[in-house]
Amino acid sequence: MQWNSLNEFLAMGGYGVYVWPSFGVTALCMIWEVLILRRRHAAARTALNQSVASAGVAL
Amino acid sequence: MKTDRMNWFQWSSPQAFYPLAGKLIPWFACVSMVCLAAGLYMGFLVAPTDFQQGDSYRIIFVHVPAAWMSMFLYVVMAGWAAVGLGLKARPSFMMAQAIAPTGALFTFLALFTGAFWGKPTWGAWWVWDARLTSELILLFQYAGVMLLHASIDDLRRADRASAVLALVGVVNVPIIYFSVRWWNTLHQGASISVTAAPKMAATMLAAMGIMALGFWMYSAAVTLLRVRCIILERERHASWVQIERVS
């Protein structure tokens, strides 16, 4: 390993301001995509099960 | 009735595809997380500093996998669109629609991380170079496929129209890929070539490959999750969804 300290790692040889936003935005986008899809799936399931339940009452 | 040969057409109904997709997602997600963790470890702690670009080159570990996925997902989306048009299979159109947002996301990330790499190496966030411009056009193509689908109320017509648009646009993928060879671009040539010896250190190459595999498996998991949403939303009046309480 070539890093002697955490600060050196974070500095990325002076390129930290370019490296960290690249990785950070990529990570945020991917996590965000998973979260909105899980929410969308849960919403679709809830809506469906409610409509099934109300249809059952109507019958 | 049980037959010896596997009947692939059994998956061509949303009813059969929904639980299959649900079973596959955790596997793709697990492999993706292991690969991404290993890739980040190798990329930041094992791979050496580049003698020319210093540590700015480490952006390659997200930039190249994102760029690869942006092109690969477009081809897969166009493939599903073609299958949908040929077989009139609804799950194929659903898959094409499920891939588009993830493809667009990776196209955006390829452009974004490219800008953050271009600034320290070229001195510019953006140049109207053939590679960058054709990749930007790819982002508009993904947007076009999604917007066209959203703008047509009749779902069958929306499926077909956006599938045709996706298929026609696939011509841009080889243009992006070969742009660095066909034109004199500021963007560097291909990082990996089948015919030439690798230009990168083995650990750098390995880290990039593992990250790419992680992005690939992530795309598979997310696409299947989205197709499950699309199936529930579109098939909500179908009897199978009403009878089985979906999980």
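When reading the values below, keep in mind they use all heavy atoms of this one structure, side chains included, and skip hydrogens, waters and symmetry mates. So you know, we letter chains A, B, ... as the sequences are listed, proteins then strands, and number each from 1.
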*Check whether B/Leu109 gets within reach of chain A through its side chain, its backbone, both or neither, counting any heavy atom under 4.5 Å.*
side chain
*Give a yes or no on this: more than 12 heavy atoms of other residues, nucleotides or ligands lie within 6.0 Å of atom CH2 of B/Trp216.*
no
*Any side-chain heavy atom of A/Phe23 within less than 4.5 Å of one from B/Leu40?*
yes
*Side-chain touch B/Leu45/A/Phe9, heavy atoms, less than 4.5 angstrom*: yes
*Would you name the heavy atoms of B/Phe108 and A/Val25 that are closest together and state the gap between them?*
CE2-CG1, 4.4 Å
_Non-hydrogen side-chain atoms of A/Arg40 and B/Arg226 separated by less than 4.5 Å_ = yes
*Contact summary for A/Glu33 and B/Tyr218, nearest pair of heavy atoms*: OE1-OH, 2.6 Å
*Distance from B/Phe112 atom CZ to A/Ser22 atom OG, nearest 0.5 Å?*
6.5 Å
*With no hydrogens and no angle check, do the side chains of A/Tyr15 and B/Gln53 hold a donor and an acceptor under 3.5 Å apart?*
no
*Has B/Asp153 got more than 12 heavy atoms of other residues, nucleotides or ligands less than 6.0 Å from its CG?*
no
*Heavy-atom pairs under 4.5 Å with chain B are the metric here; pick the option from A/Ala43, A/Cys29, A/Ala44, A/Ala47 that has the most.*
A/Cys29
*From B/Phe61 atom CZ to A/Thr26 atom OG1, the distance as rounded to the nearest 0.5 Å*: 13.5 Å
*Taking the six-membered ring for Trp and the full ring for Phe, Tyr or His, determine whether the centres of B/Phe44 and A/Trp20 are under 6.0 Å apart.*
yes
*asked:* Students often mix this up, so state it plainly: with edges at 30° and 60°, are the rings of B/Trp125 and A/Tyr18 parallel, tilted or perpendicular?
replied: tilted
_Residue B/Ala47 versus chain A: region with a heavy atom under 4.5 Å_ = backbone
*Which distance, rounded to the nearest 0.5 Å, do you find between the CZ of B/Arg58 and the CE of A/Met12?*
5.0 Å
*Quick one: which of B/Gly114, B/Cys229, B/Pro48 has the most heavy-atom pairs under 4.5 Å with chain A, could you say?*
B/Cys229
*What closest approach, in Å, do A/Leu37 and B/Leu225 show between heavy atoms, and which atom pair accounts for it?*
CB-CD2, 3.6 Å
_Closest heavy-atom pair and its distance - A/Val19, B/Asp55_ = CG2-O, 3.6 Å
*More than 12 foreign heavy atoms under 6.0 Å from CH2 of B/Trp27: is that the case here?*
no
*Heavy-atom proximity to chain A below 4.5 Å, by part of B/Tyr57*: neither
*Does the side chain of B/Glu233 come within less than 4.5 Å of A/Leu48's, by heavy atoms?*
no
